[in-house]
Amino acid sequence: MKNIISNINKAFDHRIRLGIMSVLMVNDFVDFKTIRDLMGATDGNIASHTKALEKHNYIKVEKSFINRKPNTKYIVTDTGKKAFIEHLDALEKLLKASNDFDIGLKHKF
Amino acid sequence: MENQKYINDLSEIKKMMNRSSRFISLSGLAGVFAGCYALLGAFLAKIILVKNDLNLRLYPEGNIFKSGIDETMIQLFYLALAILILAVGTAVFLTTRKATKNGLQVWDATSKRLLINFFIPLISGGIFCLVFWQYALIGLIAPAMLIFYGLALIHASKFTFSDLKGLGYANLILGFAATQFMSFGLYFWALGFGLFHIIYGVWMYNKYDRNRPE
């Protein structure tokens, strides 16, 4: 049991960060505004959480200009994908340990 | 206690994945309306065909025969266009209403992706049907409409409710069946665009829309 809990990734232990990772796992890239609207959070909030994930090298940022307006895109890295799948596995095992719980998510990627 | 938090985490992950990659505001009711318009359209088409066929029998001389066919086709073309606009208009209206009610955006990355992926096979099919008309292969138009509409639905189902795939395959198979009974094209068309839409729309409405805040 202890072993299982150690696989729960602290970097994903927040609703917004979990949400950002989930969104990036199923999309090639997502821009800042879309993430913000999906999470229903403030600009500053999203910025601090994306920065935290970036620091872990789980996501990468691409900045560009569209019609002279700055546009920020986020992309999940291979490290991030691996970490997130491990996190899902850990969640699954943890819940399976107490009851049969099929999360049915991993077929998505 | 802990477990509840992780279960919440998982449902949050699921929700975000679906919300960001699939357009979930599509209204089931729109399918019912589209089906009703299609049945009405098929009925009007039958009236046009019967009436013009009568004219052709009364004046069977060469020239009138040819121009009679073209006239019928033009009337049917405008009828089909009117049904399409009505169905799409109703779908846009109901979908916008559903999205607003659920506090979601209508025009975002998911709806754009859905529309592009739906309309590419559909418009290709439309152009292909016009080519059939050009070469007077009238009997293949109804089957081709069903086949391309089926393909468009199958393609679009990846970007909205995956249930759409079933309707797509049903129309695809019906379209191929229709190629073997060309003189019954209109009946196949009414079955696919009318009845299938209504059945599917009711089923989707019960599954997703009724008594559900989201």
Side-chain angles (χ1 to χ4, degrees), chain A residues 1-2 4-5 7-41 46 49 71 73-74 76 84-85 87-109, chain B residues 1-26 95-118 120 154-166 169 207-208 212-214:
Chain A
M1 198 65 187
K2 201 172 183 185
I4 296 171
I5 290 186
N7 276 334
I8 295 282
N9 196 329
K10 280 275 174 269
F12 303 137
D13 204 14
H14 187 282
R15 192 186 71 87
I16 305 267
R17 262 171 279 168
L18 201 67
I20 294 170
M21 286 305 287
S22 313
V23 169
L24 292 179
M25 286 297 281
V26 290
N27 288 283
D28 295 340
F29 62 84
V30 181
D31 61 31
F32 185 87
K33 200 174 149 285
T34 307
I35 291 182
R36 187 196 60 198
D37 294 345
L38 277 167
M39 303 297 151
I46 296 294
H49 286 299
N71 181 274
K73 273 187 202 167
Y74 295 96
V76 65
F84 193 71
I85 289 173
H87 182 68
L88 279 185
D89 271 337
L91 287 181
E92 189 176 29
K93 278 195 193 119
L94 204 81
L95 292 168
K96 259 204 181 127
S98 47
N99 49 21
D100 275 332
F101 189 88
D102 181 19
I103 61 171
L105 274 174
K106 272 179 290 169
H107 67 279
K108 282 179 184 281
F109 31 78
Chain B
M1 206 49 198
E2 265 303 80
N3 274 2
Q4 193 51 48
K5 180 195 171 313
Y6 294 132
I7 290 172
N8 288 346
D9 274 5
L10 287 173
S11 67
E12 182 75 15
I13 292 171
K14 227 178 229 176
K15 194 172 89 185
M16 281 305 154
M17 283 180 172
N18 279 332
R19 230 188 228 187
S20 67
S21 62
R22 290 171 186 272
F23 183 69
I24 52 164
S25 297
L26 205 62
T95 298
T96 311
R97 206 183 61 166
K98 185 176 164 185
T100 317
K101 211 163 68 183
N102 293 336
L104 295 172
Q105 285 196 312
V106 185
W107 190 239
D108 62 2
T110 57
S111 55
K112 266 179 234 172
R113 215 162 16 180
L114 172 64
L115 287 179
I116 290 169
N117 285 287
F118 178 63
I120 285 177
I154 293 168
H155 200 219
S157 69
K158 287 191 225 75
F159 306 96
T160 179
F161 299 109
S162 50
D163 311 77
L164 223 58
K165 206 183 278 174
Y169 281 115
K207 187 170 173 189
Y208 294 107
R212 281 223 177 180
E214 192 181 300

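A, B, ... follow the sequence lines: proteins, then strands. Residue 1 opens every chain.
- Contact between A/His87 and A/Leu18 at its shortest, heavy atoms only, is NE2-CD1, 3.9 Å.
- Within the 4.5 angstrom heavy-atom criterion, no atom of A/Asp31 approaches chain B.
- Residue with the most contacts toward chain B among A/Val30, A/Asn27, A/Asp13: A/Asn27 (heavy-atom pairs, distance under 4.5 Å).
- A perpendicular orientation is assigned to the rings of B/Phe159 and B/His155, their planes being inclined by more than 60° (bins at 30° and 60°).
- Of the atoms belonging to B/Asp9, heavy atoms from both backbone and side chain fall under 4.5 Å from chain A.
- Residues B/Arg19 and B/Asp108 are not paired through a salt bridge, judged by the lack of any N-O separation under 4.0 Å between the basic side chain and the carboxylate.
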Could you walk me through whether B/Ile13 and A/Phe84 pass the side-chain contact (heavy atoms from CB on, under 4.5 Å) check?
CA-CA 11 Å; B/Ile13 292 171; A/Phe84 193 71; 4.1 Å; yes
